[in-house]
Amino acid sequence: MTTHDAVTRLLDARRLQGLLTNQSGRVIAQYSFLNSEGNSSLSHLADISGETPRRITRGDQSVGPAALSENGTIVFASKRKGEDGKDAESPSLWALPDNGEARKLADHEGGFSRIEVKGETIIVEFPVHTWAADENDHQEFSTERSNAKVSGILHTGFPVRRWDHDLGPGRQTLAVATLDEAAADFPEVSDELSAPAGLDFRYLSLPSGRLVDWAVDDGARFALVQLEKPIPGQLEASEIWRVDLDGERELHRLTKPSADHSFDIEAISPDGTKALVTRVQNWTPQTNLSAELMVLDLETAELNPVWSDADFWFSPIWADDSTIVATADDHGRGSIFIGDINNAQPRRLVGGADQKYSFSGLALREDTVVATASAIDVAPLPISVDLGTGVISELANPATVLEEEGTLTEVEVRAEDGTQIRAWLVLPEGEGPHPLVVFAHGGPWGSWNAWTYRWNPGPFAAAGYAVLLPDPAISTGYGQAMIDRGQQQLGGTPFTDIMALTEAAGERTDIDSERVALAGGSYGGYMANWVAGHTGSAFKCIVTHASLWNTTSMGRTTDNSSWDQAMREQSAQYSPHLFADDIEVPMLVIHGDKDYRVPIGQGQELWLDLLTRAKTPLDADGDTQHRFLYFPDEGHWILGRGNAEVWYRTVLAFLDTHVLGIDANRVRTLG
């Protein structure tokens, strides 16, 4: 297979995005696929309860957030064409019964951010005008603002933007309605028609702060809401409140805001008396990021640790009022655990060292859980796991089953401090020796343990490159000690770990240790920049995407308020920009203008320093060997279909030029 074929197959594949299920056994998959023009992705729903997937939504607009009720009705947000043949400006809310056509439930200027259905109660999160007390107010004020062509946003807190979008001008809030209010009012409608909206949404009265997360109990009696607000020493301090949906009970704060830790909502128990939360210890110059699973009593606010002897970061759900099931990263793979909340350790239900899969998105279905499974060389697929036996069954899959390029193996070595560290290694066809490209993962809290649409090793293996995927210090799934090894020295132990694994891979007879490149994005981009200033000509070239260059200016411009304080002491030693004068090899810089997590200024500072400070030699024509691939309309991730192909082809061409010595103007075979 040619490189072009491998890139096209990857980018054009249908991809599983998530699963919905209920206790009656119905499973709905949300998946993406290319539109008829082949230039952008659509997201739709398929019923995968049977032996084959059955697509159940249509139209040329994507399905957004969705929820599945116990009676089988799916409530989802999507734009549909109106009677004038034009697409609606904002997504509408629709109900799709188990049998029948979709019915429109509501319109809302700004669309719907999240949906939950509990019995006949529907709970939605959506943006509303700051002054609005109800939907009539919201529509009136929004129309007035639009007609006046006002774009200004007045802020009182932090952040003012997030990842790739501006926050405001309104606020996110929760609203509730009863589904059966609209059941008799709407005729069945097709994708091309609209119906009058009829749900009467009532806004919940929330405490002050920015809405971050929420969960609703099974009886639709109350919600837990996580809010952020500034306090001394912390711009985004978090607290959890109980908010009754009927508004009759007073608001009840369950956790207080703190400058050094926060609590994340995980799940409410079936009986509604307690909730699983994760206590997150903030990363500061004195403390390392850590996560502890706890159970929160919803009356007394008492907190108790769960599985205290287990050294993993868990993502849990309730199986019953005392049993929980949870996923976790696990030594370059993943596992699903099960146990009583009073156990010191859970039991590993599936996963671990004898397999290669990771798991995510747990949901309870009768005596099983459904989840998404994937591996470095296996695209996401839906599975169910028997809670008693741990037996895995594959469900009907609406996504493309991709045959990945290359062969997957592992590299292990002892780090400088004696810690056993490891990496996945993807080998292309043939005996080699193969040129090698090293991928540094982002995060920095993360692991190369799952399939990825971005940074997929398949196209590189098809091009003849071996790909090393190291999990150095700060990687998840190896216990807190692995985090602690590198948290206070981003360019220290993580760097030496990657170099040790690269050296170990280079000692293999099927790897050409003289033809090696390194690439990474986000924190992996930080590492790419750090490597560029500390390894001379050891690597033939460096690819750095959405990367941190000046960690001081990064902390003052990012949407992540914790970064500035966390790096305040490290920056004097571990900021890559301090070593620009030592860069010898060509670098490909990639950045999107809409990246607010690692702002475009980082890429601009890096580019200027490469052109004015780096000692990389000029080419034969006297021009720079560095390149800057700039995306005006992309954020932290390159999401557009065409842009993603440009990304892969540009990176591969850059590697060809500097690792293989192929003419820079060569276009890879188009098949």
Side-chain angles (χ1 to χ4, degrees), residues 174 206-219 221-245 249-284 286-329 337-347 362 364 445 476 479-480 483-484 562:
L174 299 182
L206 301 182
S208 63
R210 185 173 70 88
L211 182 62
V212 176
D213 194 14
W214 52 278
V216 178
D217 78 304
D218 289 343
R221 295 165 296 174
F222 65 89
L224 297 183
V225 297
Q226 181 183 355
L227 300 158
E228 287 182 346
K229 62 174 62 174
I231 64 171
Q234 179 60 259
L235 281 176
E236 296 176 273
S238 174
E239 57 187 14
I240 295 175
W241 291 73
R242 173 176 171 145
V243 179
D244 278 22
L245 299 191
R249 179 172 170 172
E250 289 187 6
L251 298 173
H252 179 35
R253 186 169 67 178
L254 295 165
T255 69
K256 296 180 180 180
S258 170
D260 67 355
H261 69 271
S262 63
F263 291 94
D264 293 339
I265 300 169
E266 300 292 353
I268 300 172
S269 63
D271 64 7
T273 64
K274 50 190 175 293
L276 293 169
V277 297
T278 296
R279 184 188 187 279
V280 179
Q281 178 66 49
N282 295 343
W283 171 32
T284 72
Q286 292 75 40
T287 59
N288 299 326
L289 187 77
S290 63
E292 180 183 13
L293 186 61
M294 308 190 81
V295 62
L296 171 67
D297 187 290
L298 299 184
E299 285 296 328
T300 66
E302 181 182 0
L303 285 157
N304 288 294
V306 175
W307 299 345
S308 56
D309 290 349
D311 198 6
F312 293 97
W313 292 1
F314 294 107
S315 295
I317 63 170
W318 293 91
D320 58 41
D321 288 323
S322 63
T323 307
I324 58 177
V325 187
T327 61
D329 291 348
F337 296 89
I338 187 169
D340 190 274
I341 57 173
N342 295 311
N343 291 346
Q345 287 264 23
R347 172 173 62 89
L362 286 180
L364 188 65
W445 313 278
T476 52
Q480 187 61 35
I483 307 294
D484 296 342
S562 68

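Keep in mind the model is a prediction, meaning the values are calculated, not measured.
- Nearest heavy-atom pair, Ser258 versus Ile231, reported as atom, atom and distance to 0.1 Å: C-CD1, 3.7 Å.
- Applying the salt bridge (Lys or Arg N to Asp or Glu O under 4.0 Å) criterion to Arg279, with sequence neighbours excluded, gives no partner residue.
- With Ser238 as reference, Gln226 is the one residue of Glu228, His261, Gln226, Lys229 to meet the side chain to side chain donor-acceptor pair (under 3.5 Å) rule.
- Minimum interatomic distance between Asn282 and Gln234 (heavy atoms only, all atoms of both residues): ND2-NE2, 3.3 Å.
- For the 3.5 Å distance criterion, the side chains of Glu266 and Thr278 qualify, holding a donor opposite an acceptor.
- Contact check for Asp260 versus Thr284: no side-chain heavy atoms found under the 4.5 Å cut-off.
- Between the CG atom in Asn304 and the CD1 atom in Ile341 there is a gap of 8.5 Å [rounded to 0.5 Å].
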Could you give me the CA-CA distance, side-chain angles and deciding distance for Leu303 and Phe263, then say whether side chain to side chain contact (heavy atoms under 4.5 Å, CB included) is met? CA-CA 11 Å; Leu303 285 157; Phe263 291 94; 3.5 Å; yes

Show, in sequence, the C-alpha distance, side-chain angles and deciding distance for Val243 and Leu174, and conclude whether the side chain to side chain contact (heavy atoms under 4.5 Å, CB included) test is met. CA-CA 10 Å; Val243 179; Leu174 299 182; over 6 Å; no

Go through Ile324 and Trp307 one step at a time and tell me if the side chain to side chain contact (heavy atoms under 4.5 Å, CB included) criterion holds. CA-CA 10 Å; Ile324 58 177; Trp307 299 345; 3.2 Å; yes

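- In this structure the side chain of Leu206 never reaches within 4.5 angstrom of the side chain of Trp214, judged on heavy atoms.
- Side-chain atoms of Arg221 and Asp244, non-hydrogen and from C-beta on, never get closer than 4.5 Å to each other.
- The structure places CG of Asn288 at 4.5 Å from CG of Asp484, a figure rounded to the nearest 0.5 Å.
- To the nearest 0.5 Å, atoms CG (Asp340) and CZ (Arg347) are separated by 12.5 Å.
- Side-chain contact check for Glu299 versus Asp297: some heavy-atom pair is nearer than 4.5 Å.
- At least one side-chain heavy atom of Leu224 sits less than 4.5 Å from a side-chain heavy atom of Ile268.
- Here the closest heavy-atom approach between residue Leu227 and residue Gly209 is recorded as CD2-O, 4.0 Å.
- Between the side chain of Gln480 and the main chain of Leu289, a donor-acceptor pair closer than 3.5 Å is present.
- The salt bridge (Lys or Arg N to Asp or Glu O under 4.0 Å) test applied to Asp213 returns Arg114, not counting sequence neighbours.
- Under the 4.5 Å side-chain criterion, counting only non-hydrogen atoms from C-beta, Val277 is not in contact with Thr255.
- By the 4.5 Å heavy-atom criterion applied to side chains, Trp313 and Val280 are not counted as neighbours.
- Counting only heavy atoms from C-beta outward, the side chains of Lys274 and Asp321 approach each other to under 4.5 Å.
- Heavy-atom minimum distance, Ala310 versus Pro346: CB-CD, 3.8 Å.
- Ring-plane geometry between Phe337 and Phe312 is classed as tilted, the angle between the planes lying from 30 to 60 degrees on a 0 to 90 degree scale.
- Here the closest non-hydrogen pair linking Ala215 and Ile265 is CB-CG2, 3.8 Å.
- Asp271 and Thr273 share a side-chain donor-acceptor pair at under 3.5 Å.
- Around the CD atom of Glu250, the shell of radius 6.0 Å holds no more than 12 heavy atoms that belong to other residues, nucleotides or ligands.
- Of all non-hydrogen atoms in Ile317 and Ala267, the two that sit nearest each other are CA-CB, 4.4 Å.
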